[in-house]
Structure formats: structure tokens, C-alpha cells
Amino acid sequence: MSSAQSTANNSNTPIDLVIAGGGMTGAMLALQITRLLPALRIAIVEQQSVEQQGTEPAAQHTTSFDSRSIALSAGSVALLASWGLWPQLKPHACAIEHIQVSDRGHFGKSRLTATEFGRSALGYVIEIEWIGRLLYQQLQQVPTSQLQWFRPDQISVIRTERDLRHLQLKSGTELSCRLLVLCEGGDSPSRALAGIDGVQHDYQQSALIANVAVAASHQGKAFERFTVDGPLALLPLTQQRYSLVWTCQPEQAVALKALPEAEFVQALQQAFGYSAGTFTGVGNRVVYPLKLKTAAKAADHRLVLCGNSLHNLHPIAGQGFNLALRDLDALLQLLAIHTDAGAYALTRQYQLLRSADMAQVVGFTDSLVRLFSNDSKLLALGRSIGLSLLNQCNVLKQPFAALTMGLSPLASQQQQIALYQQTFSQADTHAASSEAKGAATGHSSC
């Protein structure tokens, strides 16, 4: 039986990790653990059934015009490449070669190109279904001795001991684990059960998401246009399409969603202009409210949070999933260092690593929303001057690009983990040396 189909009975044998949530973040983590740390036994608790996720082995996944997409920063692409996933994803991704940032009705503009940073792409845009297909196909090959699925199921009770987290599922199944990883989403029910507080800010905005066809090739150009209602982003997709994220007032988003296709295309053309070309069609439109949701901490006793369970961001600048991948990178590297998957030193270091990165990205995206989503003439002048300076001054542009491409946060994290590993290894060597000396003299080091 494949791991994707398995269920299990109550077991008194502790599992190394239980991952709450089998979406993209949870599935990505599980797959990389089975590849990089095959000695660890893991389980995934997922609320949706196999049929709801469309992950049954016989399913034929096909992307459509309406497939949702995400932007992958250059740093995220580097991570996916190091994990051996990028070669299979790249044929389905569209490179972002140029980015134009503008403020509607004002003179300020800024442009970034891949060539000015010596890169072939600033990032890529890919439909989520391609990532999901690859992850679940790979996970179906993992034996149940390494990975067990519990679905549809959900954690209903969490009890804590010094060495274990004890979980009771709604199905009645009981599990014990050395580390519980929450990857459930912005409204993570297990986060509340674990006693982790969440902070929420309602932006009083909604995002309309859709794919848009254009008459001519977009040539890898991405656009972020700020309006008084919120940012309007167009990200290049394969097959001469754009992924649209139109942020506006909630009632306006509902009205735009209800428009006939031709009228919607006309409204988009009027709102954006012709710098991205002539829009010729639009697919299915989805609207969702925009809220900033963050957990009070990234880790607790034998527990860590990843992805949207830790940080659910405004879509401006497309940083959400990229931040989640750095969560996974930190956790995977720390798991490789520690023999106990839920050791205090591991969770403490994870807290330190992810809190700093999260604070920087949350502060950056939140500031952009607040700065650009208003009609103050004084702020508008400041924005225009700022965008113009960014466009002309490499001293400003280089760090801005390094942040948005995820390169500086990833490099900083890698350096911190390398230093931590060195310190940890030295401590182990010192402890082993002390123990050996104690044995030689007939004294215990304890």
C-alpha cells in the first residue's frame, strides 16, 4: 500500500515527527525528510481526503487556464534545485526577466532587470498544480515504514511531556511524537490547541485572483502597480498569460468578479493601461479577504510552525511561499544536526532563525501596503521620489533586489546555521573529550 493511501492504528511507538497539514508546505517538508533524513519516521495528519486533494495514484493531473500560480524568488529556486526538485519544475515555469514598479497617477517608476544583476531570471512563476503533482507522485513512492498518512483526520487533543507530544485525532487514533510541525494554514486549528497565540490585522481589502490572456508575448515582464485601493500585480505565465492579483476594496472585488468576461477585461485594461499589452480574456475569478496573520512564536516545546501557520502575508511582493521555503530549509538543516528531532536546542535555534527573517519580510510587506494604499498627496510625492531614486541608485537597488529575490535572507540563514553547526560540533567534541578523560581516571562526568 502506498503511503498516500495508508491509515494506521494506535501505536505506542513514538514517531520522530508528526506534520499537521499535508498541503504544499507539509508535503514538501515530508518529501525532503524522506530523502535527506531517511532514518526518521514521520506521519502526516491531513484534514482533506485523497479525493478532495486529487492525490490518488490514478489521478491524471492537468493544468488548466485557471490554475492558481505562485511566484518563486531566485533564492527559492536555489533551494528547490538543492533539493533536486527544480529540474522537473523548470519546464513548467515562466522566468521573470523584468519587473516594473509604478504608482498610478504619479511620476515615480522603478525597473529591475535580471541582466543588471548578472542573472538569467529574477524569479519564476509556476502553477501550483505542477508542484503538487510532483510532490504527491514522489510521496506515493515512500514506504509506510518511513511515512504514514492519517486522512481525512485532524488533531483534537495535544498533551505535552518532557520528551514527547501526545496527540489524539478526531478518528480516535493516538500518536506520540518527538516533534510536532504545524503546516495547516493561516487559521491553524492545532496552533490554538498547542496554546500558541496568533496576531491578526485586517487590511480591509480583498484580492481578486485570475489568469489573463494577452494578445502578444509578455517577454517575461512582471508588473506591480500601486493604486489608492491597493496593488495590482501581473506576473508572467507560460502560454501567453499573466497571473493577476488585483487588490481592491471588498465590495469592488465582488463587483469585478460578477462582471461578464468582456466587461471585466475592459475594466482591467482601463485600470492598468496598455504597458502590459492588450488583454484578450480572463479565466475563473476568485476573491478572498486580505489579512496579516502571524503566530506569537515560531517554536515551543517539541513544536515548530512553518508556512502559513506561522505567517500568512498580504500577497504584495509575492513573499509568502518563499518565506515558507526558508522555514523548511532551516528545519531540515537543524534536523540533520540533532539526533533528537524535538531537542530544546533545535526548537530554540529555529525560533531565533525564523523570527528574524519573518520580522523583516512582514515589516517590508506590511509597510508597502500601508505606504501605497492611501491617497495622501504628501505620501504620493514621497513614493514617487523613492521609486525614482530606487530606479537610479544602485546603492539602494542592490539590497532591495537581494531582499525581494530572497537571496540576502537565505544567505544570512545559511551563515547562521553553519556557525551554529560549528558551535554544536565543538560542544559535542568537548563533551566527548571530558567523558573520555573521566573514564580514564575512573570518574564520571555526570
Could you please spell out the steps behind the side chain to side chain contact (heavy atoms under 4.5 Å, CB included) verdict for Asn312 and Lys291? CA-CA 8 Å; Asn312 195 356; Lys291 299 177 182 180; over 6 Å; no
4.5 Å side-chain heavy-atom contact, [X] and [Y]:
| X | Y | answer |
| --- | --- | --- |
| Gln146 | Pro38 | yes |
| Ile42 | Thr34 | yes |
| Val286 | Asn284 | yes |
| Leu328 | Cys306 | yes |
| Ile131 | Ile70 | yes |
| Glu97 | Thr113 | no |
| Leu407 | Arg119 | yes |
| Asp327 | His311 | yes |

Can you give me the closest heavy-atom contact between [X] and [Y], atom names plus distance?
| X | Y | value |
| --- | --- | --- |
| Pro236 | Cys94 | O-CB, 3.4 Å |
| Trp86 | Ala93 | CH2-CB, 3.8 Å |
| Leu290 | Pro315 | CD2-CD, 3.5 Å |
| Ala324 | Gly307 | CB-CA, 3.7 Å |
| Met28 | Leu85 | SD-CD1, 3.3 Å |
| Gly273 | Arg225 | N-NH1, 3.9 Å |

Could you measure the distance from the [atom1] atom of [X] to the [atom2] atom of [Y]? Nearest 0.5 Å is fine.
| X | Y | atom1 | atom2 | result |
| --- | --- | --- | --- | --- |
| Ile158 | Gln168 | CD1 | CD | 11.5 Å |
| Ile96 | Leu112 | CD1 | CG | 11.0 Å |
| Asn211 | Leu237 | CG | CG | 5.0 Å |
| Ile196 | Leu182 | CD1 | CG | 8.0 Å |
| Leu17 | Leu147 | CG | CG | 11.0 Å |
| Thr365 | Leu292 | OG1 | CG | 6.5 Å |

Between [X] and [Y] (side chain of the first, backbone of the second, donor and acceptor by atom type, cut-off under 3.5 Å), is there such a pair?
| X | Y | value |
| --- | --- | --- |
| Asn322 | Ala71 | yes |
| Arg285 | Lys257 | yes |
| Gln319 | Thr404 | yes |
| Ser73 | Ser76 | yes |
| Ser188 | Ser309 | no |
| Tyr350 | Leu305 | yes |
| Glu46 | Gly21 | no |
| Thr247 | Pro231 | yes |

Full working for side chain to side chain contact (heavy atoms under 4.5 Å, CB included) between Val282 and Leu268: CA-CA 10 Å; Val282 64; Leu268 176 61; over 6 Å; no
Check against side chain to side chain contact (heavy atoms under 4.5 Å, CB included), Trp83 and Asp329: CA-CA 10 Å; Trp83 295 341; Asp329 173 60; 4.1 Å; yes
Does [X] pair with [Y] as a salt bridge, N-O distance under 4.0 Å?
| X | Y | value |
| --- | --- | --- |
| Arg241 | Glu127 | yes |
| Arg178 | Asp16 | yes |
| Asp357 | Arg354 | yes |

For residues [X] and [Y], is any side-chain donor paired with an opposing acceptor at under 3.5 Å?
| X | Y | result |
| --- | --- | --- |
| Asp153 | Gln47 | no |
| Thr347 | Gln351 | no |
| Gln205 | His314 | yes |
| Ser176 | His166 | yes |
| Thr173 | Ser171 | yes |
| Gln204 | Gln249 | no |

Looking at [X], I'd like to know if its [atom1] atom is crowded, meaning that more than 12 non-hydrogen atoms belonging to other residues, nucleotides or ligands lie closer than 6.0 Å.
| X | atom1 | answer |
| --- | --- | --- |
| Lys293 | NZ | yes |
| Arg348 | CZ | no |
| Gln200 | CD | yes |

Should the pair Trp130 and His92 be assigned to parallel (<30°), tilted (30 to 60°) or perpendicular (>60°) ring geometry? parallel
Could you check whether the rings of Tyr242 and His218 sit parallel, tilted or perpendicular, using 30° and 60° as the cut-offs? tilted
For Asp197 and Arg191: C-alpha separation, side-chain torsions, deciding distance, then whether salt bridge (Lys or Arg N to Asp or Glu O under 4.0 Å) applies. CA-CA 8 Å; Asp197 292 333; Arg191 185 180 65 202; over 6 Å; no
Between Gln269 and Thr278, is the side chain to side chain contact (heavy atoms under 4.5 Å, CB included) condition met? List the steps. CA-CA 7 Å; Gln269 197 82 68; Thr278 302; 4.0 Å; yes
